[in-house]
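Notes follow once the structure below has been shown.
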There are 2 protein chains.
Amino acid sequence: MSFTPTQKRILKAFKDLLIENGYRNATTHKIAESAQVNETTIFRNFKDKRGLLQATIDQYLADIDRLKQEQKDTGNLEKDLTAMADKYQKFVFDHQAIFMVGLRESFSLPEVNKDVEKIPIHFKSLLVSYLKKMQEKRLISQDLDIEMLAMNFVWLNFGFFLTQSRFTSSFLNITHEEFLAKNIRSFVKELKY
Amino acid sequence: MSFTPTQKRILKAFKDLLIENGYRNATTHKIAESAQVNETTIFRNFKDKRGLLQATIDQYLADIDRLKQEQKDTGNLEKDLTAMADKYQKFVFDHQAIFMVGLRESFSLPEVNKDVEKIPIHFKSLLVSYLKKMQEKRLISQDLDIEMLAMNFVWLNFGFFLTQSRFTSSFLNITHEEFLAKNIRSFVKELKY
DNA sequence: ACAATGTGCAAGTAATAACTTGCATATTAA
DNA sequence: TTAATATGCAAGTTATTACTTGCACATTGT
């Protein structure tokens, strides 16, 4: 999992092209051009194009494990939920390349799709267990459909992220900070007694 | 805008492949196979591959115009918002092919992306004007951030649709009906006094 | 009955993309 | 200083893909 400077440049170029064109349409020619290396250097370092994808997935999976470790609740709803949403959004942003591939090439690369699916699944279970704990502590209303609220929050974040990343209209887009501040406050309102 | 049975079969096969593989990776060979016609028949009917895309876009644009026409409010918040969400989701579902292409090939086919962007833009402005009207009629709270709530609703629907269409885990997915029933009720709660 | 129209089929073309190979050259490590 | 290692470069291979052409055949309207 440690890479030479050349390998890092190649992987960076590869990821940029994944975001724009997806795996199948990211040509080794363009990767080489963007990384400013000779095309053959790619094959010598990563064996084949699949090797590039595998290296990217390996980085991603290692990072998911790290994400699952850290977790600290304060009991302050707005603060905790903001932190969770922020963490989730930042993670998806950092791994945008593999995330987009998992979405758009879900049919041709089902393994990648399975790996990407792990994010919303983890995010949802994180939310469910957090909300249940808050219910036990009597900090939020007792008659809430927690499963639904958690999914609601996941969909909202997912929808926001994709709108930001795929649409340019300012009519649809706000800043990450504004999203966190306003939308989470409104979500928290739903939870209170 | 009227097509022969052969042309309809070709367009159907094309759209199915757009959903799975996107435009660039939908090969004329596979389209022909799926439509059970000879590959040459495609070119004779639609000139080139771009012609297939254009025909699909034309159908989509005509349908968007139709969507913008129909609009009937009852004043019943839950009913109206459910109808809107339902209409939006059904529309996106019907035009999933072009919708997915606009998302995943936003860099290589920016024109398609622009056309697809029209949906959330229209959906948002529909919601904003509806909520403003309800505010004037004193049917919902006066101190609401309507812009934000409308976008919130758009993101929620968008996130739900993509999760449904791209992820298979039952942990993340519920039925269309359940989504409408539960999530909209919860959204309506936020609006009331 | 016949002419137009649409489709199937076989063959081919030109461009692109993922690799391979062989060799020259530059950098680094003993 | 020398030997290993990494990279650049030029050329080529193989497969795929969008698209073309020419001809045979079948359906349909007059």
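All of these numbers come straight from a predicted model, not from anything done at the bench. Numbers restart at 1 for each chain; the letters A, B, ... are given by sequence-line order, proteins then strands.
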*Which residues, if any, of residues 5-13 of chain A bring a heavy atom under 4.0 Å of DNA chain D?*
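A/T6 - these, ordered by number, are the residues of the stretch whose heavy atoms sit under 4.0 Å from the strand.
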_Residue-level proximity of residues 28-37 of chain B to DNA chain D when a heavy atom falls under 4.0 Å_ =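 Those residues whose heavy atoms fall under 4.0 Å from DNA chain D, taken from residues 28-37 of chain B in numerical order, are B/T28.
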*Does one side chain, of B/D73 or B/Y130, offer a donor that lies under 3.5 Å from an acceptor on the other?*
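Side-chain D/A pair, B/D73 to B/Y130: absent.
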*Between the side chains of B/T40 and B/N38, does any donor sit under 3.5 Å from an acceptor?*
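The criterion, which ignores hydrogens and geometry beyond distance, is satisfied for B/N38 and B/T40.
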*Could you label the plane-to-plane angle of the B/F46 and B/F3 rings as parallel, tilted or perpendicular, counting under 30° as parallel and over 60° as perpendicular?*
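Because their plane-to-plane angle lies in the 30° to 60° range, the rings of B/F46 and B/F3 count as tilted.
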*asked:* Below 30° counts as parallel, above 60° as perpendicular, anything between as tilted: where do the rings of B/Y23 and B/F14 land?
replied: perpendicular
*Set of side-chain contact (heavy atoms from CB on, under 4.5 Å) partners for B/I121, sequence neighbours left out*: A/S169, A/F171, A/L172, B/E117
*Taking protein heavy atoms under 4.0 Å as touching, what does nucleotides 20-30 of chain D look like 5' to 3' if B marks base contact, S marks sugar-phosphate-only contact and - marks none?*
BBB--------
*Select base, sugar-phosphate, or nothing to describe what B/R24 touches, counting heavy atoms under 4.0 Å on all strands.*
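The answer is sugar-phosphate, as B/R24 gets under 4.0 Å only of primed atoms, P, OP1 or OP2.
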*Would you indicate what B/D48 reaches in the nucleic acid, counting non-hydrogen atoms under 4.0 angstrom: base, sugar-phosphate, or nothing?*
sugar-phosphate
Could you state the atom-to-atom distance from [atom1] of [X] to [atom2] of [N] in whole Å?
X     : N      : atom1 : atom2 : result
A/F46 : D/dT7  : CZ    : C1'   : 14 Å
A/N25 : D/dT17 : CG    : P     : 11 Å
A/N38 : C/dA26 : CG    : P     : 15 Å
A/K49 : D/dA15 : NZ    : C1'   : 14 Å
A/F3  : D/dA6  : CZ    : C1'   : 17 Å
A/R50 : C/dA18 : CZ    : P     : 13 Å

*When you check the phosphate oxygens OP1 and OP2 of C/dT7, does a side-chain N or O of B/N45 lie under 4.0 Å from one of them?*
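For C/dT7, OP1 or OP2 has a side-chain N or O of B/N45 closer than 4.0 Å.
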*Please identify each residue that fulfils side-chain hydrogen bond (donor to acceptor under 3.5 Å, both in side chains) with B/K90, with sequence neighbours left out.*
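Testing B/K90 for side-chain hydrogen bond (donor to acceptor under 3.5 Å, both in side chains), a comparison that skips the adjacent residues, returns B/D86.
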*Partner set under side-chain hydrogen bond (donor to acceptor under 3.5 Å, both in side chains) for A/T6, not counting sequence neighbours*: none
*Could you list all the salt bridge (Lys or Arg N to Asp or Glu O under 4.0 Å) pairs where at least one residue sits in residues 48-57 of chain B, not counting sequence neighbours?*
B/R50-B/E111
*Is there any salt bridge (Lys or Arg N to Asp or Glu O under 4.0 Å) pair reaching into residues 5-31 of chain A, and which pairs are they, with sequence neighbours excluded?*
A/K12-A/D16
*B/D63 vs B/R66, salt bridge (charged side-chain N to carboxylate O under 4.0 Å, His left out): CA-CA, chis, key distance, verdict*: CA-CA 5 Å; B/D63 217 30; B/R66 228 169 298 142; 2.6 Å; yes
*List in chain and number order the residues that pass salt bridge (Lys or Arg N to Asp or Glu O under 4.0 Å) with A/K118, two or more places apart in sequence or in another chain; answer none if no residue qualifies.*
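Result, salt bridge (Lys or Arg N to Asp or Glu O under 4.0 Å) vs A/K118: A/D115.
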_Set of salt bridge (Lys or Arg N to Asp or Glu O under 4.0 Å) partners for A/E78, sequence neighbours left out_ = A/R185
_Aromatic contact between B/F161 and B/F99, with the criterion being ring centroids under 6.0 Å apart: yes or no?_
yes
Determine all donor-acceptor pairs shorter than 3.5 Å in which one atom belongs to a side chain in residues 136-156 of chain B; sequence neighbours excluded.
{"residue": "B/S141", "atom": "OG", "partner": "B/D143", "partner atom": "N", "Å": "3.4"}
{"residue": "B/Q142", "atom": "NE2", "partner": "B/Q135", "partner atom": "O", "Å": "3.0"}
{"residue": "B/Q142", "atom": "NE2", "partner": "B/I140", "partner atom": "O", "Å": "3.3"}
{"residue": "B/Q142", "atom": "NE2", "partner": "B/Y193", "partner atom": "OH", "Å": "3.1"}
{"residue": "B/D145", "atom": "OD1", "partner": "B/M148", "partner atom": "N", "Å": "3.2"}
{"residue": "B/D145", "atom": "OD2", "partner": "A/K182", "partner atom": "NZ", "Å": "3.0"}
{"residue": "B/E147", "atom": "OE1", "partner": "B/K124", "partner atom": "NZ", "Å": "2.8"}
{"residue": "B/W155", "atom": "NE1", "partner": "A/T163", "partner atom": "OG1", "Å": "3.4"}

Please list, pair by pair, any protein nitrogen or oxygen found under 3.5 Å from a nitrogen or oxygen in nucleotides 28-30 of chain C.
none

